[in-house]
Amino acid sequence: MDLTYTLEEEEFRARLREWLATTLPDLPARPDPLDWPGRRAYDLGWQRRLYDAGYGAVHWDASPTVRLIFLEETERAGAPYVGANFVGLLHAGPTIAAEGTDEQRARWLPPVVRGDEVWCQGFSEPEAGSDLAALRTRAVRDGDDYVVTGQKFWTSHAEIADWCELLVRTDPEAPRHRGISWLAMPMDAPGITVRPLRTLAGPAEFAEVFLDGVRVPVANRVGAEHDGWRVTMVTLSFERGTAFVGEVVACRRTLGELARAARANGRWDDPVLRRRLGRLNAEFTALWRLIQRNVGAARDTGGVPDAGGSVFKLRYSQARQELYDAAAEVLGPSGALDADQRWTADRLSSLSYTIAAGTSQIQRDIVAERILGLPKGR
């Protein structure tokens with residue numbers, strides 16, 4: 001597989017790098033991590049800058065390789081992450097771009113790339129856990145609307161969102177993976193109650209969402225009725241395929257910081273620690289090559305990542321946790337007492353990665369069944 005970049009792609013990288021160098025020094029100070037309205041305004045302001053510079057729609061209106069370069073360069077430059085806008089830019093937006101009608105693309109994509117609207121993800125449910133196909137939220141057709149009743153859990157950024165990518169069961173008699181539909185639900189519709197959930201790391205990034213007779217227009221359904229499971233697999237392929245690219249770059253940078261810290265505090269003299277850091281360097285180098293492989297595969301399949309994203313997600317989740325275990329060894333107790341608590345917050349955040357975007361157990365099932373061709377469990 002060709003892992004090199006074309007001349008045009010390298011020219012895009014150079015233009016982006018130059019723009020970042022001139023733009024980032026003028027950004028305002030980042031808001032308090034607990035101030036979600038402030039974070040929303042900051043993140044959408046950054047998205048507007050990207051839009052004005054011609055980079056707003058790079059997440060779906062560009063080749064997979066260009067998206068990879070964009071994420072790599074913005075992370076290396078220390079640019080703001082998509083933040084509050086990540087569901088719209090990395091999940092719902094690409095799904096609508098791939099599966100939506102012309103009218104749906106015209107309605108929902110421009111506000112996301114301009115930084116006007118935020119999306120949240122309404123997939124998980126309390127009684128379904130990691131078994132997404134066991135969802136029970138019902139949507140009953142009533143004329144031109146669906147009437148939705150149920151509950152969602154771990155709904156990312158629901159308290160500041162304008163729209164929700166919502167999975168509902170439209171045919172309760174159908175087999176588990178059928179009878180599901182993918183809806184775009186306006187978060188200001190009557191009957192929606194949002195209850196924020198504060199995480200161990202501090203911010204309330206998730207919420208419970210209670211739906212009591214919420215009316216969602218049938219026109220807001222993406223894909224055919226009862227075909228939502230297939231549409232959801234498109235969403236999850238983006239989530240597991242390219243959404244973590246910037247984080248791999250960040251982990252490689254963090255590993256370099258740890259190596260420098262170890263040399264400064266004497267921990268580098270421990271050969272066991274050096275081997276540990278060396279192995280992590282090999283891990284993240286291999287993960288970067290796997291990302292390139294997945295991007296190449298997506299380029300050959302019209303931009304939608306394949307099941308290789310599950311291989312990446314499975315190993316990356318574990319490698320990230322191992323990285324912050326190593327950080328604790330290098331930094332010692334002082335690492336937990338840094339002024340901005342960055343290391344502590346990142347370590348706590350790393351614990352969620354074997355659950356977020358599909359648990360590691362689910363990823364193993366996908367790899368076994370879709371890549372290795374093993375029979376499904378009973």
Side-chain angles (χ1 to χ4, degrees), residues 1-27 30 42-83 85-86 88-91 93-94 97-98 109 112-115 237-257 259 281-306 308-309 312-313 316 319-320:
M1 177 174 291
D2 183 10
L3 300 180
T4 61
Y5 297 105
T6 66
L7 176 61
E8 291 78 10
E9 289 163 349
E10 290 293 4
E11 289 174 345
F12 171 82
R13 184 193 300 276
R15 290 194 305 273
L16 175 60
R17 190 174 289 180
E18 180 180 1
W19 181 79
L20 289 168
T22 59
T23 301
L24 294 180
D26 295 332
L27 291 184
R30 302 195 187 207
Y42 182 89
D43 294 340
L44 295 188
W46 169 243
Q47 181 61 29
R48 182 68 195 203
R49 286 177 182 251
L50 290 172
Y51 173 80
D52 290 342
Y55 299 112
V58 72
H59 296 290
W60 57 71
D61 191 22
S63 72
T65 306
V66 168
R67 292 201 299 270
L68 174 65
I69 293 172
F70 174 83
L71 291 167
E72 179 185 8
E73 290 299 324
T74 51
E75 179 58 44
R76 282 181 173 169
Y81 185 53
V82 289
N85 212 17
F86 89 91
L89 284 168
L90 304 183
H91 303 171
L109 298 187
V112 172
V113 299
R114 288 196 304 262
S237 70
F238 283 112
E239 185 174 19
R240 297 164 186 165
T242 55
F244 291 106
V245 169
E247 298 191 31
V248 172
V249 177
C251 285
R252 296 176 78 180
R253 186 175 63 245
T254 296
L255 186 60
E257 292 180 38
N281 183 59
E283 286 267 9
F284 284 107
T285 300
L287 282 168
W288 184 252
R289 287 301 186 184
L290 180 56
I291 286 172
Q292 291 179 307
R293 176 264 165 207
N294 290 342
V295 166
R299 184 174 52 215
D300 296 337
T301 57
V304 178
D306 64 10
F312 166 80
K313 169 61 172 55
Y316 170 69
R320 185 182 176 92

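Hydrogens, waters and symmetry mates play no part in the numbers below; they use all other heavy atoms, side chains included. Note that this is a predicted model, so its numbers are computed, not measured. One-based numbering along the sequence shown.
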Can you give me every donor-acceptor pair (side chain of residues 12-19, partner residue at least two apart or in another chain, under 3.5 Å) with its distance?
unit_1 : atom_1 : unit_2 : atom_2 : d
R13    : NE     : E10    : OE1    : 3.1
R13    : NH1    : E72    : OE1    : 3.1
R13    : NH1    : E73    : OE2    : 2.6
R17    : NE     : E73    : OE1    : 2.9
R17    : NH2    : E73    : OE1    : 3.2
R17    : NH2    : E73    : OE2    : 2.7
W19    : NE1    : T23    : OG1    : 3.3

Taking only residues two or more places apart in sequence, or in another chain, which ones meet A286 in a side-chain contact (heavy atoms from CB on, under 4.5 Å)?
none
Closest non-hydrogen atoms of G88 and P94, given as atom of the first, atom of the second and distance, are O-CD, 3.8 Å
Non-hydrogen atoms of G56 and L89 that approach each other most closely:
O-CD2, 4.2 Å
With E257 via salt bridge (Lys or Arg N to Asp or Glu O under 4.0 Å) - residues at least two apart:
R342
Go through V58 and V66 one step at a time and tell me if the side chain to side chain contact (heavy atoms under 4.5 Å, CB included) criterion holds.
CA-CA 8 Å; V58 72; V66 168; 3.8 Å; yes
If I take atom OH from residue Y51 and atom CG from residue L44, how far apart are they, to the nearest 0.5 angstrom?
14.5 Å
If you apply the rule side chain to side chain contact (heavy atoms under 4.5 Å, CB included), what do you find for Y316 with F284, and how did you get there?
CA-CA 8 Å; Y316 170 69; F284 284 107; 4.1 Å; yes
Heavy-atom side-chain proximity of R114 to Q47 below 4.5 angstrom:
no
Suppose we screen for side-chain contact (heavy atoms from CB on, under 4.5 Å). Which residues come up paired with A250, at least two apart in sequence or across chains?
E75, R253
Taking only residues two or more places apart in sequence or in another chain, which ones pass side-chain contact (heavy atoms from CB on, under 4.5 Å) with Y42?
L27, P28, R30, P31, P80
Can you list the residues that meet the side-chain contact (heavy atoms from CB on, under 4.5 Å) rule with N281, with sequence neighbours excluded?
L255, T285
Could you pull out the closest heavy-atom pair between L20 and A77, with the gap in Å?
CD1-CB, 3.9 Å
F70 and T74 have their tightest heavy-atom pair at O-OG1, 2.8 Å
